[in-house]
Amino acid sequence: MRIGIPKEVLNGERRVAATPDTVKKMIKMGFEVSVEAGAGGLANYPDQMFIDAGASITSDADSLWSSSDLICKINPPQARSDGSHEADSLSDRGTLISLLFPEQNPELVEHLQSGSKTAIALDKIPRITRAQKMDVLSSMANIAGYRAVLEAAHLYGGFFGGQITAAGKTRPAQVLVIGAGVAGLAAIGTARGLGAEVRAFDVRPACKEQVESMGARFLMLDVPMDESQESSGGYANIMSDEFLKAELECFADQAKEVDIIITTALIPGRKAPELILQDMIDSMKPGSVIIDLAAEQGGNCTATVPGEVVVSSGVHVVGYTDLTSRLPTHASQFFGTNIVNLLADMGGAGDFKVDFEDEVVRKSTVVRQGTLTWPPPPDPEKPPVTSQGKGDSEVVADLPQPKKNSGHGHGASNEPMAIGPRNVIALTLAVVLALIGFTAESAPVPHFVQQVTVFLLACFIGWQVVWSVTPALHTPLMSVTNAISGIIVVGGLLGVAGTEVNTAAVLGAVAILVASINIAGGFLVTQRMLQMFRKEGN
């Protein structure tokens with residue numbers, strides 16, 4: 001299969017959907033890669049770097065689109081300067097992988113339904129744990145948050161960090177970040193790294209720990225926040241009028257104190273909520289800066305002009321919509337890596353398919369072979385959640401489904417009984433224990449039956465415990481299991497005690513080795529997790 005990487009035609013776009021590094025990975029998966037001449041020039045990736053990576057270079061954009069089985073690009077297909085449209089150049093059975101924003105581009109979606117074309121929207125990748133490596137929105141939001149602070153530092157007329165010199169001292173800049181998602185957390189980390197004092201707000205109380213772990217102060221409202229909840233896509237839900245009123249009052253008070261405000265509040269498919277009103281801007285100190293990361297969807301600030309910087313009451317209001325494109329080298333690398341991960345998930349060149357059994361592929365596919373498949377069907381209703389007491393984790397109740405009455409007696413059914421994996425394991429254990437019981441008299445070791453029984457039950461209980469843990473907690477669980485591994489090491493030491501070399505001694509040595517590796521890995525994982533939240537220099 002051939003992948004085409006066209007040059008972005010959107011005015012001011014500097015990024016490219018593949019880099020020499022990601023091209024090598026595509027070729028390793030079995031793809032042929034063709035790159036339009038000059039596609040990576042503005043991102044500091046000249047054509048020769050793509051050639052050295054194994055890609056071919058073509059100067060004819062139409063030929064690139066029509067001869068490629070897959071087109072990978074960043075922005076939705078656009079009209080070219082000559083009047084033609086990129087979508088018209090996609091081959092009849094070709095597949096497009098790019099940002100599409102189908103809610104905002106219904107005409108483009110309709111256009112892509114011609115022939116047997118397939119279109120996958122990278123902006124519709126579900127925000128689930130497995131799909132994090134393919135989530136371009138998170139990758140780009142991280143870069144936008146970082147760049148937002150740099151833009152603010154450029155316009156702000158003072159230091160970010162406090163200074164004490166012979167000429168006097170200055171206080172650190174006061175920064176308010178509204179929204180503690182990926183972009184907001186990146187902005188917090190960057191501002192803190194420059195020495196600013198940061199405060200942050202989010203309607204999701206769960207963000208409080210993340211904000212405080214990065215050294216910022218989380219702003220709480222006086223109204224109850226139990227209604228504030230996260231939507232299924234990882235964004236904040238729309239709040240009540242009472243909550244919004246308290247929220248605006250909080251921002252009005254903060255505007256009088258802070259030097260820089262960075263807003264990141266977005267609700268998918270809707271105009272960005274207005275959070276910074278004109279009277280708040282008027283109350284800010286002259287020379288202050290507002291960076292509006294929601295400018296492309298109308299902006300969180302009433303004075304925002306998308307794509308421009310305006311001065312209102314002495315305050316710079318920045319409405320740039322190309323913040324990620326202002327760091328094109330790394331932005332292209334991140335974007336290209338997300339695409340490579342998606343291609344690998346779809347089978348690579350050898351087994352590439354648009355598999356609707358894959359949740360990631362199903363939810364991001366807008367058009368499949370000319371048929372509109374967006375929006376995807378809603379997720380099935382989750383089982384009820386029961387609480388095990390205050391402070392305990394929530395456990396999803398696994399309730400049995402009632403059997404259909406077939407008329408052959410109360411509760412009878414013609415359907416065969418389904419044997420689940422747990423039943424299979426229980427049955428296997430029962431058979432093994434029965435066999436051991438029959439051969440107990442010939443067992444070479446006293447208490448053999450008792451020891452084997454304890455071993456099998458320990459395996460079964462351990463599997464049940466790990467299986468029931470929420471996937472999001474698997475990484476910290478790895479470090480917690482060091483205690484269990486320590487017990488295994490002690491048991492192994494007892495097994496190898498003495499001078500006689502027998503089966504127990506060999507198994508004890510193997511247990512010590514494996515458990516030691518697990519302990520070392522647990523400490524490494526814990527160390528990496530702690531470094532993610534550790535400020536440089538602390």
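None of the values given here were measured: they were computed from a predicted structure.
- Legend: residues meeting salt bridge (charged side-chain N to carboxylate O under 4.0 Å, His left out) with Arg14, ordered by chain and number and at least two apart, are Asp322.
- Taking CZ of Phe335 as the start and CD1 of Ile143 as the end, the distance is 10.5 Å to the nearest 0.5 Å.
- Side-chain contact between Leu176 and Ile260 is absent, with no heavy atoms from C-beta onward closer than 4.5 Å.
- Residues Ser89 and Ser66 are not in side-chain contact: their nearest non-hydrogen atoms beyond the backbone lie 4.5 Å or more apart.
- Using a distance-only test at 3.5 Å, with no hydrogens or angles considered, a donor-acceptor pair links the side chain of Ser332 to the main chain of Val16.
- Of all the heavy atoms in Gly336 and Thr22, the pair that sits closest is C-CG2, 3.5 Å.
- With Asp69 contributing its side chain and Gly94 its backbone, the two residues share no donor-acceptor pair below 3.5 Å.
- Counting only heavy atoms from C-beta outward, the side chains of Arg192 and Val175 never approach each other to under 4.5 Å.
- Between Leu99 and Leu137 there is a side-chain heavy-atom pair separated by less than 4.5 Å.
- Checking side-chain atoms of Ser98 against main-chain N and O of Cys72 turns up no donor-acceptor pair under 3.5 Å.
- Each of Lys353, Lys363, Arg130 was checked for a salt bridge (charged side-chain N to carboxylate O under 4.0 Å, His left out) with Asp358, and the lone residue meeting it is Arg130.
- Residue pairs meeting the ring pair (Phe, Tyr, Trp, His ring centres under 6.0 Å) criterion with at least one partner in residues 27-86, sequence neighbours excluded, are His85-His111.
- By the neighbour-count criterion of 12 heavy atoms within 6.0 Å, atom CZ of Phe352 is densely surrounded, having more than that number from other residues, nucleotides or ligands.
- Between Val35 and Leu64 the shortest heavy-atom distance is N-CD1, 4.4 Å.
- Ala265 approaches Ala294 most closely through the heavy-atom pair O-CB, 3.6 Å.
- A perpendicular orientation is assigned to the rings of Phe160 and Tyr156, their planes being inclined by more than 60° (bins at 30° and 60°).
- There is a side-chain donor-acceptor pair under 3.5 Å between Asp135 and Ser138.
- Take Glu212 and apply the salt bridge (charged side-chain N to carboxylate O under 4.0 Å, His left out) test, not counting sequence neighbours, and it matches Lys208.
- Looking only at distances, no side-chain donor or acceptor of Thr263 sits under 3.5 Å from a matching main-chain atom of Ile178.
- With values rounded to the nearest 0.5 angstrom, Ile164 atom CD1 is found 14.5 Å from Arg171 atom CZ.
- Here the side chain of Thr337 pairs a donor or acceptor atom with the backbone of Gln333 at under 3.5 angstrom.
- Here the straight-line distance linking atom CZ of Arg15 with atom CG of Leu42 works out to 12.0 Å at 0.5 Å rounding.
- Within 6.0 Å of CD in Gln113 there are more than 12 heavy atoms belonging to other residues, nucleotides or ligands.
- Arg2 meets the salt bridge (charged side-chain N to carboxylate O under 4.0 Å, His left out) test with Glu32; sequence neighbours excluded.
- In this structure a side-chain-to-backbone donor-acceptor pair under 3.5 Å is present from Glu8 to Ile74.
- Judged purely by atom type and a 3.5 angstrom limit, Asn300 uses its side chain to pair as donor or acceptor with the backbone of Pro273.
- Taking the side chain as every heavy atom from C-beta outward, Asp355 and Met346 never approach each other to under 4.5 Å.
- Formation of a donor-acceptor pair under 3.5 Å by the Arg326 side chain with backbone atoms of Glu151 is not found in this model.
- Nearest heavy atom pair, residue Pro306 against residue Thr304, reads CD-O, 3.9 Å.
- Summarising the local packing, CD of Glu107 is surrounded by 12 or fewer heavy atoms from other residues, nucleotides or ligands at distances under 6.0 Å.
- Between the side chain of Asp292 and the backbone N or O of Cys301, at least one donor-acceptor pair lies under 3.5 Å.
- Salt bridge status for Asp82 with Arg80: absent, with no side-chain N to carboxylate O gap under 4.0 Å.
- With 3.5 Å as the limit, one finds no donor-acceptor pair spanning the side chains of Thr170 and Gln163.
- Inspection of the Gln174 and Glu197 side chains reveals an N or O donor paired with an N or O acceptor under 3.5 Å.
- Note: Arg368 CZ to Thr95 OG1 = 10.5 Å, rounded to the nearest 0.5 Å.
- Checking side-chain atoms of Thr190 against main-chain N and O of Ala186 turns up a donor-acceptor pair under 3.5 Å.
- Partners of Lys245 under the salt bridge (charged side-chain N to carboxylate O under 4.0 Å, His left out) rule, at least two apart in sequence or in another chain, do not exist in this structure.
- Rounded to the nearest 0.5 Å, atoms CD (Gln210) and CG (Leu185) are 5.5 Å apart.
- Between the CG atom in Leu122 and the CD1 atom in Ile339 there is a gap of 5.5 Å [rounded to 0.5 Å].
- By the 4.5 Å heavy-atom criterion applied to side chains, Leu100 and Asn105 are not counted as neighbours.
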Could you go through residues 309-321 and list every donor-acceptor pair under 3.5 Å that involves a side-chain atom there, pairing it with any protein atom two or more places apart or in another chain?
from: Ser312; atom 1: OG; to: Gln278; atom 2: NE2; distance (Å): 3.0
from: Ser313; atom 1: OG; to: Asp282; atom 2: OD1; distance (Å): 2.5

